[in-house]
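Both backbone and side-chain heavy atoms feed into the values below; hydrogens, waters and symmetry mates do not.
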Amino acid sequence: MVGPKGSKVMGRMTAYAFFVQICRDEHKKQYPGELLQYQEFSKKCAERWRTMTELERKWFNQLEAKDKMRYEAEQAQVKGSGKTKTLKTGKVHKKMVGSGVREG
């Protein structure tokens with residue numbers, strides 16, 4: 001999934017990020033009109049994540065592995081397409097002006 005700027009690849013998501021995303025979706029389904037208090041929600045998600053067993057986390061870890069493969073494939077595609085950042089030249093930093101390096 002290439003990001004909104006076109007050539008920038010969307011970053012990888014961790015297993016915990018997938019977990020929080022699903023928790024947020026579940027919360028919106030249960031309480032459709034309620035404003036989400038992020039700090040409280042985040043604490044509850046973190047506590048729930050800590051109490052989960054490895055077996056319960058397995059699905060989220062699989063999602064993370066799949067997303068990692070997607071990310072690496074997109075990175076290779078962007079790098080292979082020749083779109084690289086060009087360095088801006090012409091600007092001299094103040095530290096460089098007085099560094100003792102002289103031309104000519």
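A donor-acceptor pair is defined here as one N or O able to donate and one able to accept, closer than 3.5 Å; no such pair exists between the side chain of Glu72 and the backbone of Met69. A distance-only check finds no donor-acceptor pair linking the side chain of Ser42 to the backbone of Gln39 [under 3.5 Å].
Hydrophobic clustering, defined by side-chain heavy atoms of Ile, Leu, Val, Met, Phe, Trp and Tyr closer than 4.5 Å, leaves Leu35 isolated from every other such residue.
In the hydrophobic clustering of ILVMFWY residues, with side-chain heavy atoms under 4.5 Å counting as a link, Tyr71 and Phe18 come out apart. Tyr16 and Met10 fall into different hydrophobic clusters, where Ile, Leu, Val, Met, Phe, Trp and Tyr are joined by side-chain heavy atoms under 4.5 Å apart, directly or via other members.
Remark: Phe19 pairs with Trp49, Phe60 by the ring pair (Phe, Tyr, Trp, His ring centres under 6.0 Å) rule, at least two apart or across chains. Residues passing the ring pair (Phe, Tyr, Trp, His ring centres under 6.0 Å) test with Tyr31 are His27, sequence neighbours excluded.
For the atom pair OG1 of Thr14 and CG of Leu63, the computed distance is 11.0 Å after rounding to the nearest 0.5 Å.
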Does the pair Glu54 and Asn61 meet the rule for a side-chain contact (heavy atoms from CB on, under 4.5 Å), with working shown? CA-CA 9 Å; Glu54 283 300 316; Asn61 290 330; 4.1 Å; yes
Evaluate Lys68 against Glu64 for side-chain contact (heavy atoms from CB on, under 4.5 Å), listing each step before the verdict. CA-CA 6 Å; Lys68 181 180 178 182; Glu64 179 182 15; 5.6 Å; no
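Closest non-hydrogen pair, Arg48 versus Thr51, comes out as O-OG1, 2.9 Å.
Salt-bridge annotation for Arg70 and Asp67: present, with a side-chain N of the basic residue lying under 4.0 Å from a carboxylate O of the acidic one. With respect to Glu47 and Arg50, a salt bridge is recorded, a charged nitrogen being found less than 4.0 Å from a carboxylate O.
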